[in-house]
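In the text below, chain A, chain B and the rest are named by the order of the sequence lines, each starting its count at 1.
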Amino acid sequence: MRPGNPEALSAPYDPSRIEPARYPFWEERGVFQPRAGDGKNPFVIAIPPPNVTGSLTMGHLLGESIRDCIIRWQRMEGRETLYIPGMDHAGIATQNVVEKKLKDENRTRHDLGREGFVAEVWKWKEQYGGLIFKQERRLGTSPDWSRERFTLDEGYSHAVLHVFKTLYDEGLVYRGRYIVNWCPRCQTALSDEEVDHRTTQGSLWYIRYPIKDSDKHVVVATTRPETMLGDTGVAVSPRDTRYKKLVGRMAVLPLVRREIPIVADPMVDPKFGTGAVKVTPAHDPNDFETGKRHGLPELVIMDEAGVMNENAGDFRGLDRFDARKRIVAALQDAGYLEKVEPYENSVGHCSRCHTVIEPYLSWQWFVKMAPLAAPAIEAARKGRVKMFPARWKKVYLNWLENIRDWCISRQLWWGHRIPVWYRGDEVVVSLGPPEGEGWRQDEDVLDTWFSSWLWPFATLGWPEKTPDLERFYPNSLMVTGSDIIFFWVARMIMAGYHFMGEAPFAHVYFTSIVRDAQGRKMSKSLRNSPDPLEMIGKYGADAVRFTMIQTPTGQDLLFDEKRLETGKFFANKMWNATKLVLMRLGGEDLSSVRESQLTLTLADRWILSRLANATKDVTRNLKTYRFAEAAQAIYHFAWNEYCDWYLEMAKPRWALAEKDEAMTPQERVDLRTARWVSWKVLDGILRLLHPFMPHVTEELWQAIPHDGETLAMAAWPRAKKAWFDAAVEREVGFLQEVVVAVRNLRAEQKIAPGRTVPVVVRGTEAQLELLGRLEGQILPLARIESLTLARDGARPAVAASAVVQGAEVFLPLAGLVDLDEERARLAREAEKLLTDLEGVKKKLRNQDFLGKARPEIVEKERARLAQLEETLEKLRKAQESLSVKTD
RNA sequence: GGGCGAUUAGCUCAGCUGGUAGAGCACUUGCUCGACAAGCAAGGGGUCACUGGUUCAAGUCCAGUAUCGCCCACCA
């Protein structure tokens with residue numbers, strides 16, 4: 001065993017001094033690499049790959065704190081652990097960043113050409129990408145950096161293209177011309193999940209469409225009047241008698257004078273608007289379907305930038321929103337506009353740049369999802385994949401059960417280029433260019449999520465059968481935000497089943513969403529996210545981790561910087577407690593000490609029992625992902641039990657070392673026992689706390705006597721059965737109550753803190769015997785000058801008193817006790833007791849309660865009644881004695 | 001339109017199988033006793049959103065209401 005080093009803690013606790021040095025310390029010792037463990041299954045977590053453009057946010061801090069806590073815990077449990085790091089190439093996001101940079105240089109990606117631009121992005125990536133991981137090291141997380149992956153690195157890209165080809169060959173990837181979500185600013189198609197719907201105050205325009213060969217007209221209502229230029233029909237409900245005779249006739253499109261048929265279609269809700277709908281097959285997904293059913297032409301009137309095209313006649317060249325204004329004006333001028341109503345509806349926006357989405361007719365690639373969803377649905381239903389908190393299962397299932405095909409082609413340059421080759425009418429799907437001349441590769445790239453859905457196995461070398469894949473798939477746990485449950489979690493599960501034949505992980509833990517104090521989501525644009533590195537600098541990584549991990553499970557976290565103090569103060573407390581213990585160990589060699597050679601006092605047995613309980617609690621709560629409870633358990637034990645009580649009770653025993661005369665043999669054993677127990681429990685605390693606060697615990701552990709090189713690889717404590725001792729806990733509980741009662745009396749009587757007081761206790765033989773056993777350790781706790789144990793003795797003449805578990809505690813201070821004060825206090829006490837007593841009596845008078853409640857509950861109430869009556873009786877006597885004396 | 005969550009001390013939140021309401025911060029009072037003022041000790045503070053139900057017993061289970069928040073939905 002390595003001896004302690006008190007020097008190490010001579011300076012005050014300063015996280016920014018100790019934390020940075022710990023990272024290389026762990027790395028040099030290979031702590032983060034998996035190492036074959038005890039034969040148990042390995043424990044594997046893959047990081048949700050942050051965008052290559054990303055920087056550390058409070059949200060990451062939360063997820064990383066949790067992931068690393070579990071990984072470190074499992075590592076200490078002896079499991080072979082792997083935490084897989086990596087980044088996402090983030091197609092649109094990254095392309096946008098680099099395009100913006102080009103724009104600042106007055107260039108566009110088109111100036112560079114495709115190859116040049118992609119080279120530029122790679123250059124950017126090398127220079128600025130992955131900042132997040134440089135920052136993250138400061139948090140002390142423990143991924144195996146030697147296994148870091150990037151979704152666009154060579155092997156991973158191969159996996160992505162391989163998946164595309166496989167799905168194509170299976171008929172699950174297809175190309176088609178459909179209405180897709182189109183961002184006119186990014187100029188690419190998007191999946192449904194990449195569209196944010198926002199409730200928007202708009203208008204409903206009622207437009208008259210004249211009926212051909214008639215002086216009548218039909219009125220249609222629309223939220224998007226500009227699309228009328230692309231109308232190729234008018235639809236009414238087949239059940240709508242109002243319009244029955246119009247079906248089959250032609251309407252004349254205002255401004256354009258195109259004749260369009262009036263058709264009957266069940267899509268129309270006769271109760272909405274006028275019951276007649278304009279049909280614009282090229283600009284609305286509903287209308288697209290309607291158009292198909294009636295063979296209506298698909299007339300595209302905008303280009304990919306949302307600018308009206310040659311089919312827009314006079315409005316050509318106008319932006320879609322300008323066109324809307326001009327068309328409405330023109331309709332009004334020509335008398336076609338019947339009315340305008342304010343109307344609230346939901347408008348899709350690009351989740352990347354917030355531009356209003358345009359439904360756009362174009363050729364795109366899709367994945368047929370229903371067959372992939374089936375096993376993923378079953379996995380959740382059968383519990384093969386469990387979600388925490390469980391309610392997310394419903395959300396997940398609801399999405400999968402109503403799943404729609406996934407548009408995976410993106411009109412971008414940064415990403416995996418679609419491995420499809422065209423030559424005339426020939427189409428070949430192939431990872432490389434086909435043999436022969438004249439092949440042209442598809443211009444589009446794949447959705448970023450089409451690569452990240454493979455993350456749990458593509459990071460391990462799939463499709464090669466690598467040893468890593470063999471050993472570390474499936475992963476154990478996924479920890480991520482519920483905001484990407486559809487984007488990512490559901491799709492990973494689908495991909496896991498389809499390509500690996502089993503779920504990618506057994507458990508999914510969804511973290512909270514971090515919001516600001518007003519409840520707004522943290523975002524760059526709002527600038528309401530504190531700088532994580534600044535927080536770490538100010539409070540220390542340990543404090544940040546400890547605080548973040550205590551977020552309410554499954555609820556949003558309203559982040560308040562003030563809360564970080566708790567963690568910092570706690571670390572400081574542990575620093576100082578360790579310093580104290582270390583000094584008092586006096587360099588004693590503990591390596592050869594065995595528990596059986598020691599004489600454990602009541603206090604020792606108590607703290608060991610409490611340690612066993614804390615160990616059990618922390619472990620149980622980690623197992624069930626109740627991080628806040630786990631953190632609370634160790635916090636409370638370390639601070640309120642070990643520091644506040646045990647260390648205080650150990651002080652007089654440690655002081656034996658400074659005795660002038662020689663120690664007796666018993667004293668020597670007692671000293672050694674106090675040293676060993678205080679060290680042993682501290683060691684246990686540091687171990688239990690390490691996953692939450694790795695730096696300070698490692699620092700402190702290195703300073704105290706320890707075995708092994710690093711706490712990060714030390715064994716997780718086990719709750720020793722022999723240490724649990726409920727009887728001892730009750731006994732010490734009584735002693736604590738006595739101490740608190742004396743302190744309380746002192747405070748109430750405003751006795752100077754420096755002054756010691758005599759105390760008389762009347763109680764049962766057992767109670768007095770207990771007090772006697774720990775007398776030496778209790779006296780200083782309440783600054784007691786002398787403790788008189790009086791079994792049947794008379795009550796002191798003039799005293800302040802309290803009742804503790806039936807025992808009477810007296811502060812006999814004639815002349816010093818403020819009698820009025822004391823009488824008032826006793827009266828208050830008695831009143832409180834009386835209220836409680838009434839409650840209990842009422843309960844015990846209730847025949848239903850006596851008859852139906854569990855017997856042990858009734859017994860408990862009876863005992864409580866007795867206790868209350870006894871206490872009250874003693875308070876009354878105290879009151880009497882005071883009134884007699886003063887008369 | 002559907003679904004989910006929240007409502008407990010001034011603030012942020014615990015309260016897991018129903019059985020005397022908890023923590024941190026904030027607040028009050030008192031403390032330079034050789035670990036720690038980032039601390040110690042003692043306190044004050046809650047009709048657990050509302051209404052009804054189940055039960056001997058409800059913060060906890062059920063139903064409804066209100067307010068706030070989130071998600072989903074081809075609401076012209």
Side-chain angles (χ1 to χ4, degrees), chain A residues 9 12-13 179 192 197 204-205 220-224 227 235 267-269 272-280 284-289 343-346 359 389 391-392 394-395 398-399 402 404 482-483 485-486 513 515 517 519 521 543 547 550-560 562-563 565-566 568-584 620-621 624 626 628-629 632 635-636 640 643-644 647-648 651 740 743-748 750-754 780-783 836 839-840 843 846-854 856-858 860-861 864:
Chain A
L9 308 181
Y13 171 62
I179 300 261
D192 295 337
H197 291 276
L204 197 56
W205 284 272
V220 300
T222 181
T223 53
R224 302 199 51 205
T227 63
M267 169 270 284
V268 180
D269 173 4
F272 188 89
T274 60
V277 190
K278 60 194 273 310
V279 182
T280 323
D284 181 277
N286 262 328
D287 293 6
F288 179 76
E289 297 300 327
Y343 186 69
E344 196 176 71
N345 68 339
S346 172
R391 67 186 153 88
W392 290 107
K394 207 186 264 185
V395 176
N398 185 265
W399 185 76
N402 298 288
R404 291 181 290 161
S482 54
D483 51 336
I485 184 170
F486 307 138
I513 306 239
R515 297 176 182 279
K521 208 164 165 173
T547 305
Q550 293 190 62
T551 60
T553 32
Q555 261 170 255
D556 293 348
L557 163 75
L558 270 50
F559 178 77
D560 180 3
K562 188 96 176 113
R563 293 185 52 210
E565 281 189 346
T566 311
K568 186 178 183 181
F569 294 172
F570 182 41
N572 181 59
K573 184 75 181 177
M574 292 322 298
W575 181 276
N576 286 300
T578 305
K579 184 156 91 180
L580 170 69
V581 172
L582 201 42
M583 284 186 313
R584 300 303 177 219
R620 182 174 46 94
N621 284 312
T624 48
R626 302 164 68 91
E629 287 81 355
Q632 275 307 308
Y635 179 93
H636 181 261
N640 303 114
C643 292
D644 288 350
L647 293 185
E648 293 305 323
K651 278 176 180 174
V740 169
R743 284 170 175 170
N744 178 261
L745 290 176
R746 294 179 57 114
E748 296 282 355
K750 303 202 168 38
I751 291 166
L781 289 177
R783 304 231 122 208
D836 290 353
V840 179
K843 236 179 194 182
N846 184 343
Q847 284 309 313
D848 283 331
F849 174 73
L850 297 174
K852 293 180 183 168
R854 290 200 312 274
E856 65 267 31
I857 298 293
V858 178
K860 222 167 128 186
E861 288 300 321
R864 195 166 163 238

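- Nucleic acid contact class of A:Ser346 (heavy atoms, under 4.0 Å, all strands): base.
- Closest to the A:Met583 side chain, of the nucleotides B:A35, B:A76, B:A38, is B:A35.
- For A:Lys562, taking side-chain heavy atoms from C-beta onward, the closest of the listed nucleotides B:A76, B:A38, B:C25 is B:C25.
- Residue contacts shown for A:Pro753 are limited to sugar-phosphate atoms, with no base heavy atom under 4.0 Å away.
- As rounded to whole Å, 15 Å separates atom P of B:G24 from atom CD of A:Glu629.
- On the P atoms, B:C33 is 24 Å away from B:G24, given to the nearest whole Å.
- Comparing atom distances between the A:Thr222 side chain and each of B:A76, B:G24, B:A73 picks out B:A76 as nearest.
- Comparing B:C56, B:G24, B:A38 by their closest approach to the side chain of A:Ala853 singles out B:C56.
- Distance from the side chain of A:Phe272 is smallest for B:A76 among the nucleotides B:A35, B:G15, B:A76.
- Each of B:U20, B:A35, B:C70 was ranked by its minimum atom distance to the side chain of A:Lys860; first place goes to B:U20.
- Pairing partner, B:C48: none, since no Watson-Crick or wobble contact has both distances short of 3.5 Å.
- Taking 3.5 Å as the limit, the base of B:A35 and the side chain of A:Glu648 contain a donor-acceptor pair of atoms between them.
- When each of B:A42, B:A35, B:A38 is scored by its nearest atom to the side-chain atoms of A:Asn576, the top-ranked nucleotide is B:A35.
- Using a distance-only test at 3.5 Å, with no hydrogens or angles considered, a donor-acceptor pair links the side chain of A:Arg746 to the main chain of A:Arg783.
- Regarding A:Arg746, its CZ atom lies at a distance of 13 Å from the C1' atom of B:C40, rounded to whole Å.
- Across all strands shown, A:Asn744 has heavy atoms under 4.0 Å from sugar-phosphate atoms exclusively, and none from any base.
- A donor-acceptor contact under 3.5 Å is not formed by the side chain of A:Arg563 with the base of B:U12.
- Put simply, the side chain of A:Lys573 and the base of B:C36 share a donor and an acceptor less than 3.5 Å apart.
- Contacts of A:Val395 with the nucleic acid, taken as non-hydrogen atoms under 4.0 Å apart, are absent.
- When distances run from any side-chain atom of A:Phe569 to the nucleotides B:C56, B:A38, B:U12, the shortest one goes to B:A38.
- Under the Watson-Crick or G-U wobble criterion, with both distances below 3.5 Å, B:G1 is paired with B:C72.
- Within 4.0 Å (heavy atoms only), A:Lys568 reaches at least one base atom of the nucleic acid.
- Across all strands, A:Ala276 comes closer than 4.0 Å to base atoms (heavy-atom distances).
- Residue A:Lys394 places its side chain closer to B:G3 than to any other of B:G3, B:C72, B:A35.
- Separating the CG atom of A:Asp483 from the C1' atom of B:C71 is a distance of 11 Å, rounded to the nearest angstrom.
- Put simply, the side chain of A:Arg391 and the base of B:C4 share no donor and acceptor less than 3.5 Å apart.
- The backbone N or O of A:Asn398 lies less than 3.5 Å from a partner atom in the side chain of A:Asn402, making a donor-acceptor pair.
- When rounded to the nearest whole Å, the span between NZ of A:Lys843 and P of B:C56 equals 14 Å.
- Among the heavy atoms of the strands lying under 4.0 Å from A:Tyr13 is at least one base atom, whether or not backbone atoms are also near.
- As a whole-Å value, the separation of A:Asp560 CG from B:G10 C1' is 14 Å.
- You'll find that the side chain of A:Arg783 is closest to B:C33, out of B:C33, B:A38, B:G19.
- In this structure, CG of A:Asp848 is placed 14 Å from C1' of B:U54, rounded to the nearest angstrom.
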